[in-house]
Enquirer: 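Take a look at this one; I'll ask things after.
In what follows, residues are counted from 1 in the order of the sequence shown.
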Amino acid sequence: MTGPHPRCRRTLAIPLGMAVATAMAFLPGATASATGLSGTAAVSPGAVGDALTSAAADGTALSYVVNVRAGHGPSAQVKKAIGKAGGTIVTSYDQIGVIVVHSSNPDFARTIRKVRGVESAGNTRNAPLPAQSTTDEGTPKALSSAQMAAARTAAAAGQDPLESLQWDLPAIKADKAHEKSLGSSRVTVAVIDTGVDDTHPDLAPNFDRAASVNCVTGKPDTADGAWRPSAEESPHGTHVAGEIAAAKNGVGMTGVAPGVKVAGIKVATTAGYFYTEAVVCGFVWAATHGVDVTNNSYYTDPWYFNCTDDPDQKALVDAVTRASRYAEKRGVVNVAAAGNENYDLAADEITDPVSPNDGTPSDRVVDPSECFDIPTQLPGVVTVAATGAKGIKSSFSNHGLGVIDVAAPGGDSTAYQTPAPPATSGLILGTLPGGKWGYMAGTSMASPHVAAVAALIKSTHPYAPPALVKALLYAEADATPCTDPYDINGDGKVDAVCEGSKNRNGFYGWGTVDALDAVTK
(Lines give C-alpha, C1' and ligand atoms only; values in the text may rest on other atoms or scores of the structure.)
Protein backbone atom coordinates (compact mmCIF):
# COMPACT_ATOMS: atom_id res chain seq x y z
CA MET A 1 0.00 0.00 0.00
CA THR A 2 1.04 3.60 -0.31
CA GLY A 3 0.35 6.65 1.77
CA PRO A 4 1.20 10.34 2.03
CA HIS A 5 4.83 11.28 2.36
CA PRO A 6 5.60 14.37 4.42
CA ARG A 7 9.19 15.64 4.27
CA CYS A 8 9.55 15.58 8.04
CA ARG A 9 10.49 12.32 9.74
CA ARG A 10 8.03 11.47 12.44
CA THR A 11 5.97 14.55 13.00
CA LEU A 12 3.15 16.50 11.49
CA ALA A 13 3.98 19.99 12.65
CA ILE A 14 0.74 21.89 12.26
CA PRO A 15 0.40 25.62 13.01
CA LEU A 16 -2.35 26.50 15.43
CA GLY A 17 -5.48 27.57 13.54
CA MET A 18 -4.47 25.55 10.47
CA ALA A 19 -4.89 22.11 11.97
CA VAL A 20 -7.78 20.97 9.80
CA ALA A 21 -6.37 22.22 6.51
CA THR A 22 -2.89 20.94 7.11
CA ALA A 23 -3.95 17.56 8.45
CA MET A 24 -5.78 16.93 5.17
CA ALA A 25 -2.41 16.57 3.47
CA PHE A 26 -1.74 13.48 5.54
CA LEU A 27 -4.96 11.57 5.01
CA PRO A 28 -4.99 8.07 3.52
CA GLY A 29 -4.70 8.41 -0.22
CA ALA A 30 -3.54 12.03 -0.09
CA THR A 31 -0.18 13.18 -1.40
CA ALA A 32 2.48 15.54 -0.17
CA SER A 33 5.78 16.64 -1.63
CA ALA A 34 9.09 15.31 -0.40
CA THR A 35 11.75 17.92 -0.89
CA GLY A 36 15.06 16.44 -1.98
CA LEU A 37 18.55 17.92 -1.93
CA SER A 38 19.87 19.84 -4.88
CA GLY A 39 23.08 18.83 -6.55
CA THR A 40 22.81 15.07 -6.03
CA ALA A 41 22.78 12.52 -8.80
CA ALA A 42 20.01 10.00 -9.34
CA VAL A 43 20.58 6.56 -7.86
CA SER A 44 18.66 3.41 -8.57
CA PRO A 45 16.92 1.83 -5.56
CA GLY A 46 18.85 -1.14 -4.16
CA ALA A 47 22.10 -0.23 -5.86
CA VAL A 48 23.32 2.90 -4.14
CA GLY A 49 26.62 1.29 -3.10
CA ASP A 50 27.52 0.62 -6.73
CA ALA A 51 26.33 3.98 -8.05
CA LEU A 52 27.15 6.72 -5.59
CA THR A 53 26.34 10.34 -6.20
CA SER A 54 28.27 12.44 -8.68
CA ALA A 55 29.52 14.41 -5.69
CA ALA A 56 31.43 11.37 -4.45
CA ALA A 57 32.77 10.70 -7.93
CA ASP A 58 34.02 14.27 -8.02
CA GLY A 59 35.96 13.73 -4.81
CA THR A 60 33.52 15.07 -2.21
CA ALA A 61 33.63 13.06 1.01
CA LEU A 62 30.74 10.82 2.01
CA SER A 63 30.23 9.01 5.30
CA TYR A 64 30.36 5.23 5.78
CA VAL A 65 29.98 2.64 8.50
CA VAL A 66 32.30 -0.35 8.51
CA ASN A 67 31.16 -3.18 10.78
CA VAL A 68 33.68 -5.63 12.25
CA ARG A 69 33.64 -8.14 15.07
CA ALA A 70 32.57 -6.42 18.28
CA GLY A 71 34.76 -6.08 21.34
CA HIS A 72 38.26 -5.74 19.95
CA GLY A 73 38.29 -2.67 17.73
CA PRO A 74 39.44 -2.59 14.11
CA SER A 75 42.43 -4.78 13.39
CA ALA A 76 45.62 -3.37 11.92
CA GLN A 77 44.68 -5.06 8.66
CA VAL A 78 41.29 -3.35 8.55
CA LYS A 79 42.78 0.03 9.46
CA LYS A 80 45.37 -0.32 6.72
CA ALA A 81 42.73 -1.34 4.21
CA ILE A 82 40.54 1.64 5.10
CA GLY A 83 43.43 4.01 4.49
CA LYS A 84 44.44 2.28 1.27
CA ALA A 85 40.85 2.56 0.01
CA GLY A 86 40.89 6.31 0.62
CA GLY A 87 39.08 6.33 3.94
CA THR A 88 39.70 8.32 7.12
CA ILE A 89 38.47 6.90 10.42
CA VAL A 90 36.34 9.45 12.29
CA THR A 91 35.68 7.29 15.33
CA SER A 92 35.32 3.66 16.29
CA TYR A 93 32.76 2.15 18.67
CA ASP A 94 34.82 -0.88 19.60
CA GLN A 95 32.24 -2.31 22.01
CA ILE A 96 29.85 -2.91 19.08
CA GLY A 97 32.36 -3.12 16.24
CA VAL A 98 31.15 -0.08 14.27
CA ILE A 99 33.71 2.21 12.58
CA VAL A 100 32.67 5.60 11.16
CA VAL A 101 34.69 6.52 8.07
CA HIS A 102 34.77 9.44 5.63
CA SER A 103 35.94 8.81 2.08
CA SER A 104 35.75 10.52 -1.31
CA ASN A 105 36.37 7.23 -3.12
CA PRO A 106 33.07 6.18 -4.77
CA ASP A 107 34.26 2.54 -4.64
CA PHE A 108 35.16 2.66 -0.94
CA ALA A 109 32.33 0.45 0.37
CA ARG A 110 32.62 -2.10 -2.41
CA THR A 111 36.38 -2.29 -1.87
CA ILE A 112 36.33 -2.52 1.92
CA ARG A 113 33.64 -5.23 1.97
CA LYS A 114 36.23 -7.60 0.43
CA VAL A 115 38.66 -7.14 3.33
CA ARG A 116 39.05 -9.98 5.79
CA GLY A 117 37.46 -9.07 9.12
CA VAL A 118 34.86 -6.72 7.62
CA GLU A 119 31.36 -8.08 8.17
CA SER A 120 29.47 -5.32 6.33
CA ALA A 121 30.05 -1.79 5.09
CA GLY A 122 28.02 0.87 3.39
CA ASN A 123 27.57 4.57 2.78
CA THR A 124 25.23 6.30 5.21
CA ARG A 125 24.14 9.07 2.86
CA ASN A 126 23.99 10.14 -0.76
CA ALA A 127 24.49 13.88 -0.26
CA PRO A 128 27.97 15.35 0.11
CA LEU A 129 29.22 16.26 3.57
CA PRO A 130 27.62 18.25 5.08
CA ALA A 131 24.08 17.68 3.83
CA GLN A 132 22.57 20.66 2.06
CA SER A 133 19.68 22.48 3.65
CA THR A 134 16.06 21.97 2.71
CA THR A 135 13.03 24.09 3.51
CA ASP A 136 11.27 23.23 6.75
CA GLU A 137 7.65 22.24 6.37
CA GLY A 138 4.88 22.86 8.88
CA THR A 139 6.85 24.62 11.59
CA PRO A 140 4.63 24.76 14.68
CA LYS A 141 3.14 28.06 15.69
CA ALA A 142 3.65 29.16 19.26
CA LEU A 143 0.64 29.87 21.44
CA SER A 144 -0.34 33.52 21.40
CA SER A 145 -0.58 35.56 24.58
CA ALA A 146 -4.38 35.54 24.24
CA GLN A 147 -4.46 31.75 23.95
CA MET A 148 -2.20 31.39 26.96
CA ALA A 149 -4.38 33.74 28.97
CA ALA A 150 -7.51 31.78 28.07
CA ALA A 151 -5.79 28.53 29.07
CA ARG A 152 -4.77 29.97 32.45
CA THR A 153 -8.36 30.98 33.09
CA ALA A 154 -9.56 27.46 32.29
CA ALA A 155 -6.91 25.73 34.42
CA ALA A 156 -8.25 23.93 37.47
CA ALA A 157 -6.76 24.14 40.93
CA GLY A 158 -3.41 22.34 41.07
CA GLN A 159 -2.91 22.44 37.32
CA ASP A 160 -0.10 24.16 35.49
CA PRO A 161 -1.35 27.16 33.46
CA LEU A 162 -1.56 25.34 30.10
CA GLU A 163 -2.58 21.93 31.40
CA SER A 164 -6.23 22.50 30.46
CA LEU A 165 -5.14 22.27 26.80
CA GLN A 166 -3.51 18.89 27.33
CA TRP A 167 -6.28 16.38 26.60
CA ASP A 168 -3.53 13.79 26.14
CA LEU A 169 -2.78 13.62 29.88
CA PRO A 170 -6.18 12.30 31.02
CA ALA A 171 -6.26 10.09 27.90
CA ILE A 172 -3.54 7.95 29.52
CA LYS A 173 -4.51 8.80 33.14
CA ALA A 174 -1.35 10.85 33.62
CA ASP A 175 -3.31 13.47 35.56
CA LYS A 176 -4.36 10.80 38.07
CA ALA A 177 -0.83 9.38 38.13
CA HIS A 178 0.54 12.77 39.18
CA GLU A 179 -1.54 12.61 42.33
CA LYS A 180 0.48 9.52 43.27
CA SER A 181 3.89 10.24 41.81
CA LEU A 182 5.62 12.60 39.38
CA GLY A 183 8.39 10.11 38.72
CA SER A 184 11.89 9.83 40.14
CA SER A 185 14.70 12.29 39.51
CA ARG A 186 16.98 9.25 39.45
CA VAL A 187 15.46 8.22 36.09
CA THR A 188 16.64 9.86 32.85
CA VAL A 189 14.94 9.79 29.46
CA ALA A 190 17.20 10.74 26.57
CA VAL A 191 15.59 12.43 23.58
CA ILE A 192 17.58 11.24 20.55
CA ASP A 193 16.44 13.93 18.16
CA THR A 194 17.08 17.40 16.70
CA GLY A 195 18.35 18.86 19.95
CA VAL A 196 16.79 20.14 23.16
CA ASP A 197 16.63 23.72 24.42
CA ASP A 198 17.50 23.14 28.07
CA THR A 199 17.09 26.83 28.84
CA HIS A 200 13.30 26.54 28.47
CA PRO A 201 11.68 27.28 31.86
CA ASP A 202 9.65 24.07 31.70
CA LEU A 203 12.72 21.93 30.91
CA ALA A 204 15.55 23.55 32.86
CA PRO A 205 14.49 22.10 36.27
CA ASN A 206 14.65 18.53 34.95
CA PHE A 207 17.49 18.69 32.45
CA ASP A 208 20.34 16.19 32.74
CA ARG A 209 23.42 17.88 31.27
CA ALA A 210 25.75 14.98 32.04
CA ALA A 211 23.70 12.69 29.80
CA SER A 212 23.41 15.23 26.96
CA VAL A 213 25.62 15.47 23.87
CA ASN A 214 25.85 16.37 20.19
CA CYS A 215 26.34 13.25 18.03
CA VAL A 216 25.66 14.75 14.60
CA THR A 217 29.09 13.90 13.16
CA GLY A 218 29.04 10.40 14.61
CA LYS A 219 31.53 11.42 17.30
CA PRO A 220 30.39 12.86 20.66
CA ASP A 221 30.70 16.62 21.09
CA THR A 222 30.42 17.46 24.78
CA ALA A 223 30.82 21.22 24.52
CA ASP A 224 28.37 23.04 26.75
CA GLY A 225 25.09 23.55 24.93
CA ALA A 226 26.12 21.46 21.91
CA TRP A 227 22.86 19.54 22.32
CA ARG A 228 20.73 22.64 21.67
CA PRO A 229 19.07 23.34 18.31
CA SER A 230 20.07 26.52 16.53
CA ALA A 231 17.46 29.05 15.45
CA GLU A 232 17.52 27.50 11.97
CA GLU A 233 16.93 23.96 13.21
CA SER A 234 13.77 22.04 13.98
CA PRO A 235 12.03 22.51 17.36
CA HIS A 236 11.03 18.83 17.22
CA GLY A 237 13.35 17.56 19.96
CA THR A 238 12.43 20.36 22.34
CA HIS A 239 8.73 19.62 21.82
CA VAL A 240 9.29 15.92 22.52
CA ALA A 241 11.28 16.70 25.68
CA GLY A 242 8.43 18.80 27.06
CA GLU A 243 5.89 16.07 26.46
CA ILE A 244 8.06 13.75 28.52
CA ALA A 245 9.27 15.85 31.42
CA ALA A 246 8.03 19.45 31.42
CA ALA A 247 8.20 20.30 35.11
CA LYS A 248 5.06 20.68 37.21
CA ASN A 249 6.23 24.05 38.42
CA GLY A 250 3.41 26.52 37.84
CA VAL A 251 4.90 27.47 34.47
CA GLY A 252 3.41 26.45 31.14
CA MET A 253 2.50 22.79 30.59
CA THR A 254 3.02 19.50 32.41
CA GLY A 255 4.93 16.49 31.10
CA VAL A 256 3.69 12.91 31.41
CA ALA A 257 6.55 12.25 33.86
CA PRO A 258 7.28 15.71 35.30
CA GLY A 259 9.57 14.43 38.03
CA VAL A 260 12.07 12.51 35.88
CA LYS A 261 15.17 13.88 34.18
CA VAL A 262 15.39 14.51 30.45
CA ALA A 263 18.54 14.66 28.33
CA GLY A 264 19.17 15.87 24.81
CA ILE A 265 21.16 13.72 22.38
CA LYS A 266 21.34 15.72 19.18
CA VAL A 267 21.67 13.52 16.09
CA ALA A 268 19.97 15.49 13.30
CA THR A 269 21.80 17.68 10.82
CA THR A 270 20.69 21.27 10.27
CA ALA A 271 18.69 19.99 7.30
CA GLY A 272 16.92 17.50 9.56
CA TYR A 273 18.61 14.25 8.51
CA PHE A 274 19.21 11.46 11.02
CA TYR A 275 22.18 9.58 9.59
CA THR A 276 23.40 6.19 10.79
CA GLU A 277 26.68 7.32 12.33
CA ALA A 278 24.85 9.88 14.48
CA VAL A 279 22.18 7.41 15.58
CA VAL A 280 24.83 4.84 16.51
CA CYS A 281 26.66 7.50 18.53
CA GLY A 282 23.39 8.40 20.27
CA PHE A 283 22.57 4.88 21.39
CA VAL A 284 26.12 4.17 22.58
CA TRP A 285 26.21 7.48 24.48
CA ALA A 286 22.90 6.65 26.17
CA ALA A 287 24.23 3.20 27.09
CA THR A 288 27.31 4.61 28.76
CA HIS A 289 25.87 7.68 30.50
CA GLY A 290 23.20 6.41 32.84
CA VAL A 291 20.18 6.78 30.56
CA ASP A 292 17.17 4.60 31.43
CA VAL A 293 14.92 5.24 28.41
CA THR A 294 15.52 6.64 24.92
CA ASN A 295 12.88 8.22 22.73
CA ASN A 296 13.37 7.88 18.98
CA SER A 297 10.85 9.88 16.95
CA TYR A 298 12.54 9.54 13.55
CA TYR A 299 13.69 7.08 10.95
CA THR A 300 17.35 6.70 10.06
CA ASP A 301 18.00 8.46 6.76
CA PRO A 302 18.24 8.25 3.82
CA TRP A 303 16.19 5.06 3.40
CA TYR A 304 12.70 4.80 4.89
CA PHE A 305 13.08 1.03 4.60
CA ASN A 306 16.54 -0.55 4.60
CA CYS A 307 16.63 -3.79 2.60
CA THR A 308 19.05 -6.40 3.86
CA ASP A 309 19.66 -7.77 0.36
CA ASP A 310 21.40 -4.49 -0.49
CA PRO A 311 24.95 -4.43 0.95
CA ASP A 312 24.90 -0.73 1.83
CA GLN A 313 21.49 -0.80 3.46
CA LYS A 314 22.37 -4.03 5.27
CA ALA A 315 25.37 -2.28 6.82
CA LEU A 316 23.13 0.47 8.16
CA VAL A 317 20.74 -2.08 9.68
CA ASP A 318 23.69 -3.94 11.21
CA ALA A 319 25.18 -0.79 12.74
CA VAL A 320 21.99 0.58 14.30
CA THR A 321 20.95 -2.89 15.48
CA ARG A 322 24.26 -3.34 17.26
CA ALA A 323 23.96 0.07 18.90
CA SER A 324 20.35 -0.32 20.08
CA ARG A 325 21.00 -3.84 21.40
CA TYR A 326 24.08 -2.61 23.23
CA ALA A 327 22.03 0.10 24.87
CA GLU A 328 19.40 -2.40 25.98
CA LYS A 329 22.05 -4.71 27.37
CA ARG A 330 23.28 -1.76 29.41
CA GLY A 331 19.81 -1.22 30.91
CA VAL A 332 18.16 1.14 28.42
CA VAL A 333 14.56 0.80 27.19
CA ASN A 334 14.37 2.05 23.59
CA VAL A 335 11.06 3.51 22.39
CA ALA A 336 10.36 4.52 18.77
CA ALA A 337 7.60 6.08 16.68
CA ALA A 338 5.85 3.89 14.11
CA GLY A 339 5.64 6.52 11.35
CA ASN A 340 3.07 8.77 9.74
CA GLU A 341 2.18 7.23 6.37
CA ASN A 342 -0.78 5.01 7.34
CA TYR A 343 1.32 2.05 6.23
CA ASP A 344 0.45 -1.48 7.31
CA LEU A 345 3.89 -2.55 8.47
CA ALA A 346 2.71 -6.18 8.53
CA ALA A 347 1.66 -6.14 4.86
CA ASP A 348 3.30 -8.36 2.26
CA GLU A 349 4.57 -5.30 0.42
CA ILE A 350 4.71 -1.52 0.71
CA THR A 351 5.51 1.03 -1.98
CA ASP A 352 8.22 3.37 -0.75
CA PRO A 353 8.33 6.50 -2.94
CA VAL A 354 10.63 8.67 -0.80
CA SER A 355 13.94 6.80 -0.65
CA PRO A 356 16.68 7.83 -0.74
CA ASN A 357 15.41 11.12 0.61
CA ASP A 358 18.76 12.88 0.20
CA GLY A 359 19.09 11.86 -3.44
CA THR A 360 16.58 11.22 -6.20
CA PRO A 361 13.83 8.94 -4.87
CA SER A 362 11.71 6.65 -7.01
CA ASP A 363 8.94 4.20 -6.25
CA ARG A 364 10.20 0.84 -5.03
CA VAL A 365 8.16 -2.03 -3.68
CA VAL A 366 9.57 -3.49 -0.46
CA ASP A 367 8.76 -6.38 1.84
CA PRO A 368 8.65 -4.87 5.37
CA SER A 369 9.65 -8.23 6.83
CA GLU A 370 12.99 -7.91 5.02
CA CYS A 371 13.30 -4.15 4.56
CA PHE A 372 13.29 -2.33 7.88
CA ASP A 373 12.40 1.11 9.17
CA ILE A 374 15.21 1.60 11.69
CA PRO A 375 15.21 1.84 14.66
CA THR A 376 11.41 1.38 14.67
CA GLN A 377 11.37 -2.23 13.47
CA LEU A 378 14.49 -3.46 15.24
CA PRO A 379 14.32 -6.29 17.80
CA GLY A 380 13.70 -5.10 21.35
CA VAL A 381 12.51 -1.61 20.39
CA VAL A 382 9.05 -0.57 21.67
CA THR A 383 7.08 0.49 18.55
CA VAL A 384 4.38 3.11 19.13
CA ALA A 385 1.25 3.99 17.13
CA ALA A 386 -0.64 7.25 17.55
CA THR A 387 -4.19 7.94 18.71
CA GLY A 388 -6.30 11.08 18.57
CA ALA A 389 -8.54 12.85 21.06
CA LYS A 390 -11.29 10.24 20.65
CA GLY A 391 -8.88 7.44 21.43
CA ILE A 392 -8.84 5.85 17.98
CA LYS A 393 -5.93 5.45 15.60
CA SER A 394 -4.74 8.76 14.19
CA SER A 395 -5.50 9.17 10.49
CA PHE A 396 -1.80 9.13 9.62
CA SER A 397 -0.44 6.51 12.01
CA ASN A 398 1.30 3.43 10.69
CA HIS A 399 0.00 0.14 12.05
CA GLY A 400 0.49 -3.60 11.75
CA LEU A 401 -0.28 -6.72 13.75
CA GLY A 402 2.84 -7.96 15.49
CA VAL A 403 4.70 -4.72 14.75
CA ILE A 404 2.88 -2.17 16.91
CA ASP A 405 3.52 -2.77 20.61
CA VAL A 406 1.42 -0.03 22.23
CA ALA A 407 -0.46 3.16 21.36
CA ALA A 408 -0.51 6.65 22.86
CA PRO A 409 -1.82 10.13 22.03
CA GLY A 410 -0.19 11.63 18.96
CA GLY A 411 -2.99 13.95 17.90
CA ASP A 412 -5.19 14.21 14.83
CA SER A 413 -7.22 16.78 12.96
CA THR A 414 -10.18 18.14 14.89
CA ALA A 415 -12.22 17.30 11.77
CA TYR A 416 -11.87 13.66 12.84
CA GLN A 417 -11.22 13.65 16.57
CA THR A 418 -12.30 16.69 18.57
CA PRO A 419 -11.16 16.96 22.20
CA ALA A 420 -13.51 17.76 25.04
CA PRO A 421 -13.44 21.38 26.27
CA PRO A 422 -11.56 23.30 27.50
CA ALA A 423 -8.98 21.80 25.10
CA THR A 424 -9.38 23.38 21.69
CA SER A 425 -6.90 21.53 19.47
CA GLY A 426 -6.71 17.87 18.59
CA LEU A 427 -2.93 18.15 18.41
CA ILE A 428 -0.34 17.72 21.16
CA LEU A 429 0.99 20.65 23.18
CA GLY A 430 4.71 20.77 23.80
CA THR A 431 7.61 23.09 24.63
CA LEU A 432 9.28 25.08 21.86
CA PRO A 433 12.72 26.71 21.87
CA GLY A 434 12.92 30.20 23.25
CA GLY A 435 10.55 29.66 26.17
CA LYS A 436 7.48 29.07 24.00
CA TRP A 437 4.79 26.41 23.70
CA GLY A 438 2.96 25.11 20.63
CA TYR A 439 1.17 22.25 18.93
CA MET A 440 2.52 19.37 16.86
CA ALA A 441 1.10 16.02 15.80
CA GLY A 442 2.43 12.65 14.64
CA THR A 443 3.67 9.37 15.96
CA SER A 444 6.59 11.60 16.99
CA MET A 445 4.29 12.87 19.72
CA ALA A 446 2.93 9.42 20.65
CA SER A 447 6.34 7.88 21.26
CA PRO A 448 7.38 10.32 24.04
CA HIS A 449 4.17 9.54 25.92
CA VAL A 450 5.25 5.91 26.00
CA ALA A 451 8.86 6.76 26.87
CA ALA A 452 7.54 8.81 29.79
CA VAL A 453 5.28 5.99 31.01
CA ALA A 454 8.28 3.63 30.80
CA ALA A 455 10.16 6.17 32.95
CA LEU A 456 7.33 6.12 35.49
CA ILE A 457 7.53 2.31 35.57
CA LYS A 458 11.28 2.55 36.10
CA SER A 459 10.64 5.05 38.89
CA THR A 460 8.26 2.61 40.58
CA HIS A 461 10.56 -0.38 39.98
CA PRO A 462 14.07 1.13 40.05
CA TYR A 463 15.87 -2.19 39.70
CA ALA A 464 13.75 -3.54 36.85
CA PRO A 465 15.78 -4.49 33.75
CA PRO A 466 14.51 -3.41 30.32
CA ALA A 467 12.71 -6.71 29.70
CA LEU A 468 10.63 -6.27 32.86
CA VAL A 469 9.91 -2.59 32.18
CA LYS A 470 8.60 -3.53 28.73
CA ALA A 471 6.59 -6.45 30.11
CA LEU A 472 4.92 -4.13 32.64
CA LEU A 473 4.34 -1.50 29.96
CA TYR A 474 2.44 -4.02 27.85
CA ALA A 475 0.63 -5.74 30.73
CA GLU A 476 -0.57 -2.44 32.20
CA ALA A 477 -1.74 -0.99 28.89
CA ASP A 478 -5.51 -0.65 28.52
CA ALA A 479 -6.70 -3.17 25.94
CA THR A 480 -8.14 -1.24 22.99
CA PRO A 481 -10.23 -3.19 20.47
CA CYS A 482 -9.92 -2.76 16.73
CA THR A 483 -11.71 0.18 15.16
CA ASP A 484 -13.72 -1.66 12.52
CA PRO A 485 -14.58 -0.38 10.04
CA TYR A 486 -11.96 2.37 10.14
CA ASP A 487 -13.35 5.18 8.00
CA ILE A 488 -11.68 8.17 9.61
CA ASN A 489 -12.93 10.78 7.14
CA GLY A 490 -16.46 9.37 6.80
CA ASP A 491 -16.41 9.04 3.03
CA GLY A 492 -17.68 5.46 3.07
CA LYS A 493 -14.28 3.95 2.24
CA VAL A 494 -12.18 1.94 4.67
CA ASP A 495 -8.93 3.83 5.30
CA ALA A 496 -7.06 1.05 7.10
CA VAL A 497 -7.74 -2.50 8.24
CA CYS A 498 -7.16 -3.54 11.84
CA GLU A 499 -6.29 -7.18 12.45
CA GLY A 500 -6.13 -9.04 15.75
CA SER A 501 -8.00 -9.32 19.02
CA LYS A 502 -9.00 -6.83 21.67
CA ASN A 503 -5.93 -7.69 23.70
CA ARG A 504 -3.47 -7.36 20.82
CA ASN A 505 -4.07 -5.93 17.38
CA GLY A 506 -2.50 -4.00 14.56
CA PHE A 507 -3.81 -0.54 15.52
CA TYR A 508 -3.07 -0.44 19.25
CA GLY A 509 -0.78 -3.40 19.97
CA TRP A 510 -1.23 -4.46 23.58
CA GLY A 511 -3.33 -1.35 24.15
CA THR A 512 -3.14 2.32 25.14
CA VAL A 513 -0.48 2.98 27.76
CA ASP A 514 -1.64 3.66 31.32
CA ALA A 515 0.37 6.12 33.42
CA LEU A 516 -1.67 5.51 36.58
CA ASP A 517 -0.91 1.80 36.56
CA ALA A 518 2.74 2.67 35.99
CA VAL A 519 2.96 4.40 39.39
CA THR A 520 0.63 2.11 41.37
CA LYS A 521 1.42 -1.44 40.22
Enquirer: Is the closest side-chain heavy-atom distance between L378 and V320 below 4.5 Å?
Expert: yes
Enquirer: Would you kindly say whether H200 and T238 are connected by a side-chain donor-acceptor distance under 3.5 Å?
Expert: no
Enquirer: Enter the distance from I244:CD1 to H239:NE2 here, rounded to the nearest 0.5 Å.
Expert: 11.5 Å
Enquirer: Atom OG1 in T222, atom CZ in R209: separation rounded to 0.5 Å?
Expert: 12.5 Å
Enquirer: Would you check if there is a donor-acceptor pair between the side chains of W437 and D202 at a distance under 3.5 Å?
Expert: yes
Enquirer: If we count only N and O atoms by modelled type, under 3.5 Å, do the side chains of T254 and D160 hold a donor and an acceptor together?
Expert: yes
Enquirer: Are E370 and T308 linked by a side-chain donor-acceptor pair shorter than 3.5 Å?
Expert: no
Enquirer: Got a list of side-chain donor-acceptor pairs under 3.5 Å for residues 172-179, not counting sequence neighbours?
Expert:
residue : atom : partner : partner atom : Å
K173    : NZ   : D478    : OD2          : 3.1
K173    : NZ   : D514    : OD2          : 2.8
H178    : ND1  : A174    : O            : 3.4
H178    : NE2  : A174    : O            : 3.4
H178    : NE2  : G255    : O            : 3.4
H178    : NE2  : V256    : O            : 2.9

Enquirer: Would you say the side-chain atoms of S355 pair up with the backbone N or O of Y304, donor to acceptor, closer than 3.5 Å?
Expert: yes
Enquirer: Assess, by modelled atom type and distance only, whether the side chains of N357 and Y299 contain a donor and an acceptor separated by less than 3.5 Å.
Expert: yes
Enquirer: Examine the side chains of T483 and Y508 and answer whether a donor and an acceptor come within less than 3.5 Å of each other.
Expert: yes
Enquirer: Give a yes or no answer on whether the side chain of N206 reaches the backbone of G259 with a donor-acceptor pair at less than 3.5 Å.
Expert: no
Enquirer: Who passes side chain to side chain donor-acceptor pair (under 3.5 Å) against Q377, sequence neighbours left out?
Expert: none
Enquirer: Taking only residues two or more places apart in sequence, or in another chain, which ones meet T91 in a side chain to side chain donor-acceptor pair (under 3.5 Å)?
Expert: none
Enquirer: Please identify each residue that fulfils side chain to side chain donor-acceptor pair (under 3.5 Å) with S397, with sequence neighbours left out.
Expert: none
Enquirer: Does a side-chain N-to-carboxylate-O contact under 4.0 Å join R228 and E233?
Expert: no
Enquirer: To the closest 0.5 Å, what do you measure between CD (E499) and CZ (F507)?
Expert: 9.5 Å
Enquirer: Are the side chains of L169 and W167 in contact, using a 4.5 Å heavy-atom criterion?
Expert: no
Enquirer: Looking at R186, is its backbone amide N or carbonyl O close enough to the side chain of S184 to form a donor-acceptor pair, meaning the two atoms are under 3.5 Å apart?
Expert: yes
Enquirer: Are side-chain N/O atoms of H399 and D344 paired as donor and acceptor at under 3.5 Å?
Expert: no
Enquirer: Test your reading of the model: is there a side-chain donor-acceptor pair from W285 to the backbone of P220, 3.5 Å cut-off?
Expert: no
Enquirer: Between the main-chain N or O of G237 and the side-chain N or O of T194, is there a donor-acceptor pair closer than 3.5 Å?
Expert: yes
Enquirer: With a 3.5 Å cut-off and no angle check, do the side chains of N334 and T294 form a donor-acceptor pair?
Expert: yes
Enquirer: I need the single residue from V279, N296, N306, T321 that forms a side chain to side chain contact (heavy atoms under 4.5 Å, CB included) with I374. Which is it?
Expert: N306
Enquirer: Side chains of D358 and Y275: do they bring a donor and an acceptor to under 3.5 Å?
Expert: yes
Enquirer: Taking 4.0 angstrom as the limit, do R125 and D301 come out as a salt bridge?
Expert: no
Enquirer: Using atom types as modelled and distance alone, determine if a side-chain donor or acceptor of S297 lies under 3.5 Å from a backbone N or O of S444.
Expert: yes
Enquirer: Salt-bridge test for E328 and K470: reply yes if a basic N is under 4.0 Å from a carboxylate O, no otherwise.
Expert: yes
Enquirer: Is it true that S120 and D318 share a donor-acceptor pair across their side chains at a distance under 3.5 Å?
Expert: yes
Enquirer: Please name all residues satisfying salt bridge (Lys or Arg N to Asp or Glu O under 4.0 Å) with R322, sequence neighbours left out, ordered by chain then number.
Expert: E119
Enquirer: Can you see whether W510 engages N503 through a side-chain donor-acceptor pair at a distance of less than 3.5 angstrom?
Expert: no
Enquirer: State the CH2-CD distance between W303 and Q313, to the nearest 0.5 angstrom.
Expert: 4.5 Å
Enquirer: Taking only residues two or more places apart in sequence or in another chain, which ones pass side chain to side chain donor-acceptor pair (under 3.5 Å) with T383?
Expert: none
Enquirer: Can D412 and Q417 be counted as having a side-chain donor-acceptor contact under 3.5 angstrom?
Expert: yes
